[in-house]
Amino acid sequence: MLTLTDAAILRLKALMLEHPDDSIVRITLKDLNDEKLVFGITLDDRIQPDDIVRDCDGLTVAVSGDSAPRMEGVTLDYQEPRGFLFRHPPEEESDLLGNLSLN
């Protein structure tokens with residue numbers, strides 16, 4: 001499943017302090033087209049029935065059951081000033097500035 005770097009965990013924890021009612025970090029994955037994927041991060045207030053859930057250093061991270069197998073080898077990182085980055089072998093990355101939604 002997805003791996004989170006220490007920097008990503010720290011930033012997500014800081015965001016969750018600003019949104020205490022949303023205690024779940026939801027990671028989404030969608031096909032943009034045949035060659036590109038779109039990753040997303042949402043703070044949510046509940047786990048869905050088909051979610052695969054794990055604890056990452058005190059964060060509850062949820063990925064839908066159908067997306068979870070596709071998250072193998074993916075790492076979520078955070079870097080200033082770029083923001084959250086999803087890295088997938090072979091060292092491709094998706095810059096997700098603006099794709100973080102706080103519900």
Side-chain angles (χ1 to χ4, degrees):
M1 187 151 139
L2 177 76
T3 301
L4 280 70
T5 65
D6 290 340
I9 291 169
L10 287 173
R11 183 63 183 134
L12 287 166
K13 284 182 176 181
L15 289 169
M16 291 180 84
L17 288 174
E18 298 172 20
H19 302 273
D21 293 336
D22 298 319
S23 60
I24 309 298
V25 177
R26 178 168 306 288
I27 307 295
T28 58
L29 172 65
K30 295 181 182 178
D31 291 302
L32 185 59
N33 58 37
D34 289 341
E35 297 177 5
K36 293 192 178 203
L37 301 173
V38 176
F39 293 90
I41 305 169
T42 309
L43 298 182
D44 204 345
D45 63 347
R46 65 183 58 108
I47 294 170
Q48 299 301 318
D50 73 329
D51 284 344
I52 304 298
V53 180
R54 73 175 245 226
D55 179 87
C56 290
D57 195 26
L59 288 177
T60 302
V61 178
V63 177
S64 68
D66 59 340
S67 294
R70 298 177 70 191
M71 292 288 186
E72 287 299 322
V74 175
T75 300
L76 174 60
D77 192 12
Y78 182 81
Q79 297 176 1
E80 285 289 344
R82 296 177 70 193
F84 288 100
L85 303 167
F86 285 88
R87 300 185 189 284
H88 188 273
E91 300 193 45
E92 297 173 13
E93 64 184 43
S94 299
D95 190 344
L96 287 186
L97 290 174
N99 285 350
L100 172 66
S101 39
L102 307 173
N103 293 336

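Please read all numbers here as calculations on a predicted model, not as lab measurements.
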Can you name the closest pair of heavy atoms from D55 and G58 and give their distance?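 Shortest heavy-atom separation between D55 and G58 comes out as OD2-N, 3.3 Å.
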
Closest approach of R26 and Q48, non-hydrogen atoms and distance?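 It is NH2-CG, 3.5 Å.
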
How many angstroms lie between [atom1] in [X] and [atom2] in [Y], if you round to the nearest 0.5 Å?
X   : Y   : atom1 : atom2 : value
L12 : L43 : CG    : CG    : 7.0 Å
L2  : S67 : CG    : OG    : 11.0 Å
R70 : S64 : CZ    : OG    : 9.5 Å
T28 : D44 : OG1   : CG    : 11.0 Å

Take a 6.0 Å sphere around CG of D31 and say whether it holds more than 12 heavy atoms from other residues, nucleotides or ligands.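 Yes, enclosed.
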
If you link ILVMFWY side chains whenever their heavy atoms are less than 4.5 Å apart, which other residues fall into the same cluster as L17? By chain and number, please.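 Under the 4.5 Å side-chain rule, L17 groups with nothing.
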
Hydrophobic cluster partners of I24 (side-chain heavy atoms under 4.5 Å):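 Once heavy-atom contacts under 4.5 Å are chained together, I24 belongs with I47, V53.
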
Only one of [options] passes side chain to side chain contact (heavy atoms under 4.5 Å, CB included) with [X]; say which it is.
X   : options       : answer
D77 : R11, R82, R87 : R87
F86 : I41, L29, T75 : I41
L76 : T3, L4, L85   : L4

Can you pull out every ring-ring contact (aromatic ring centres under 6.0 Å, His included) where at least one residue sits in residues 46-82? Sequence neighbours excluded, please.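 The answer is Y78-F84.
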
Check: K13 side chain, D57 main-chain N or O, donor-acceptor pair, under 3.5 Å: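 Here the side-chain-to-backbone pair exists.
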
Apply side-chain contact (heavy atoms from CB on, under 4.5 Å) to residues L59 and M16 and explain how you reach the verdict. CA-CA 9 Å; L59 288 177; M16 291 180 84; 3.3 Å; yes

